[in-house]
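Quick notes on the structure that follows.
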Amino acid sequence: MAQFQSLPGFREFYPEAFARRNHIFRLWRQTANTFGFQEYDAPVLEPLELYKTKSGDEIEAQLFSFTDKGGREVALRPEMTPTVCRLVGAKANALKRPIKWFSIAEFYRYERAQKGRERAFFQFNADIFGEPGPEAEIELIGLLVQCIRSFGLTAQDFYVRLSDRNLWFYYLEALGFTEAQTRGILGAIDKYEKMGDDAFNAYTETHGALAPESKDKILAFLGVKSLAALEQILASIGGEKLAARLLDWRKLLGGLEAMGLADFVEVDFGVVRGLAYYTGFVFEAFDRKGELRAIAGGGRYNDLVAKLGGPDLPAVGFAIGDVTMGLLLEQRGLMPAFVQTTDVYAVIGGEAERAAAFGDIFALRAGGYRVEYPLKDAAFGKQFKAAAESGAKLALIYGTEELAKGVVKIRDLSDRSEHEVPRDQVFAAVRDFFSGGAE
RNA sequence: GCGGCCAUAGCUCAGUUGGUUAGAGCACAAGAUUGUGAUUCUUGGGGUCGCGGGUUCGAAUCCCGUUGGCCGCCCCA
């Protein structure tokens, strides 16, 4: 039994797990590139104040934070948003628009690990800066869907729930609620799906019980599942702000429909998302069976760049976590079995032949072929077994008899046919085999 | 931070009312087989039974604590 264990919630990636991780990263990165997003990275360790400024002092309880040797209060990053706001904010005027950035990075949160939630995890983050209209949301939600769909998941496997904090504010304002009351109600809405009426307990304690007719109207808005229902419920309120917002909604849903994504998105005002820095559209992706945590989440945060010291810059972004994504792929049988195959296996007779083989092995590797050989002398039978297990298509046989004749024997491991080639033509023979076999 | 369940080889597990030196399959390695493959056979390495304490003549087994894991609550940027 190992004396040391990894810290709780931190994952170790043995080669098989690492291959799965790479598979996820590869498709995310490839998809983001096709959407024209540019990749960036930033420090893992940041000033603690960056997160306190963004999220409030309470956030420290959820962070891996400590004082460094220089007396600085620091924290391992729990998310990318504040960092990318700083990066973009610092050079906002010099960056070509639209600013479409993405990253794949590891994050750390000091929380109790559970299914789908670890203390260290990876996220794909994508953000668009400088675009205030719903065109940015269309582009981002399109990217979000494609980042999940590219693994083979369909509209039967997942969907994106779309909501809007602005409309909630307009609606509750029209019902006569103060801003503080509105925040309390949004907190209850966030929990309503899971807890039912008990979700309003915290609101009742602070602001007193809701009038029954107010509660009915809130629950009615929560039940809105389409643009038509939305327009109907808001018809009685009116006002320019509201009309403009409905126009944004039409544009957003129209754009997503035109991309062919109508089956992947649903209007659902039950999504408001926890902390209060979101300023407009918010959205979350879930598995259709509802068995897992959210796969991804995001929204618009127009005030954050300025709050963190940059210029006024509208922004919208989302993040996909690797843990839930991986669980979903496993569940649906979409995680391929990864085998690292070898192209060529060198079978080596003994010490003298080893020296001869090394020259060809090195040259083939430099030429881009994956070449394996036994590190220590072994019986030929063992070596052929190892060659078969390695997945190699060719074996090069460096035996005493062959070298005496100035040849190397080449064995096609799939049909066990063999032929000899002069030693100085080994590279060309291997190259011919693989270029011919690729046709 | 709170509660429930769990912990024996790298993995999956067995281990009788507490009783000799804790087992099996898989995996890994060596040999049978010193120049030609997936089978087969033989053998081997690997465990302070998560850790610490207690009860007992004797603890993997019973009791307490602790650490870790899974699940739920709080939280979820």
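Numbered from 1 within each chain, the chains take letters A, B, ... in sequence-line order.
Taking only side-chain nitrogens and oxygens, A/R112 never comes nearer than 4.0 Å to OP1 or OP2 of B/G1.
A/K191 comes within 4.0 angstrom of sugar-phosphate atoms only, judged by non-hydrogen atoms across all strands, and of no base. Note on A/E401: a base of the nucleic acid sits closer than 4.0 angstrom, heavy atoms only. Among the atoms of the strands shown, none is found under 4.0 Å from any heavy atom of A/E389. Heavy atoms of A/E353 sit nowhere under 4.0 angstrom from any nucleic acid atom. Residue A/P8 is classed as a sugar-phosphate contact, given heavy-atom separations below 4.0 Å to backbone atoms only.
For A/R117 against B/A77, a side-chain-to-base donor-acceptor contact under 3.5 Å is absent. With hydrogens and angles left out, the side chain of A/R411 and the base of B/G35 share no donor-acceptor pair within 3.5 Å. Looking at A/K409, its side chain comes within 3.5 Å of the base of B/U36 through a donor and an acceptor atom. The base of B/A77 is paired with the side chain of A/R109 by a donor and an acceptor separated by under 3.5 Å. Counting distance only, with no hydrogens placed and no angle test, the side-chain atoms of A/Q114 and the base atoms of B/G69 include no donor-acceptor pair under 3.5 Å. Remark: the A/E418 side chain and the B/U36 base include a donor-acceptor N/O pair separated by less than 3.5 Å.
Residue A/F380 has its side chain nearest to B/G35 when only B/G35, B/G37, B/A77 are considered. Side chain of A/K385, nearest nucleotide from B/U39, B/A77, B/U36: B/U39. Set against B/G35, B/A38, B/A77, the side chain of A/R416 has B/A38 as its closest nucleotide.
Figure legend. B/C2 is base-paired to B/G72; pairs are counted as Watson-Crick or G-U wobble with both atom distances under 3.5 Å. Remark: B/A14 base-pairs with no nucleotide in the shown strands. Criterion, Watson-Crick or G-U wobble with two distances under 3.5 Å. Taking a pair to require two hydrogen-bonding distances under 3.5 Å in either a Watson-Crick or a G-U wobble arrangement, B/G35 remains unpaired. Under the Watson-Crick or G-U wobble criterion, with both distances below 3.5 Å, B/C28 is paired with B/G44.
Spacing of C1' atoms, B/C71 relative to B/G47, comes out at 29 Å, to the nearest Å.
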Return a table of donor-acceptor pairs under 3.5 angstrom between the side chains of residues 302-310 of chain A and protein atoms on other chains or two or more places apart.
unit_1 : atom_1 : unit_2 : atom_2 : d
A/N302 : OD1    : A/R300 : NH1    : 2.9
A/N302 : OD1    : A/A315 : N      : 3.1

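For A/E266 and A/K225, the salt-bridge test fails: no basic side-chain N is under 4.0 Å from an acidic carboxylate O. With respect to the salt-bridge test (charged N to carboxylate O, under 4.0 angstrom), the residues A/K405 and A/E401 do not qualify. Salt bridge absent: A/E46 and A/R77 never bring a charged side-chain N and a carboxylate O closer than 4.0 Å.
Heavy-atom distances to RNA chain B give each of A/T81 and A/G9 a nearest nucleotide, and the one nearer the 5′ end belongs to A/G9. Along RNA chain B, the nucleotide closest to A/G297 and the one closest to A/A113 are compared, and the more 5′ of them pairs with A/A113.
Under the 4.5 Å side-chain criterion, counting only non-hydrogen atoms from C-beta, A/L63 is not in contact with A/L76.
Stacking between A/F384 and the base of B/U36 is present: ring centres sit under 5.5 Å apart and the planes differ by under 30 degrees.
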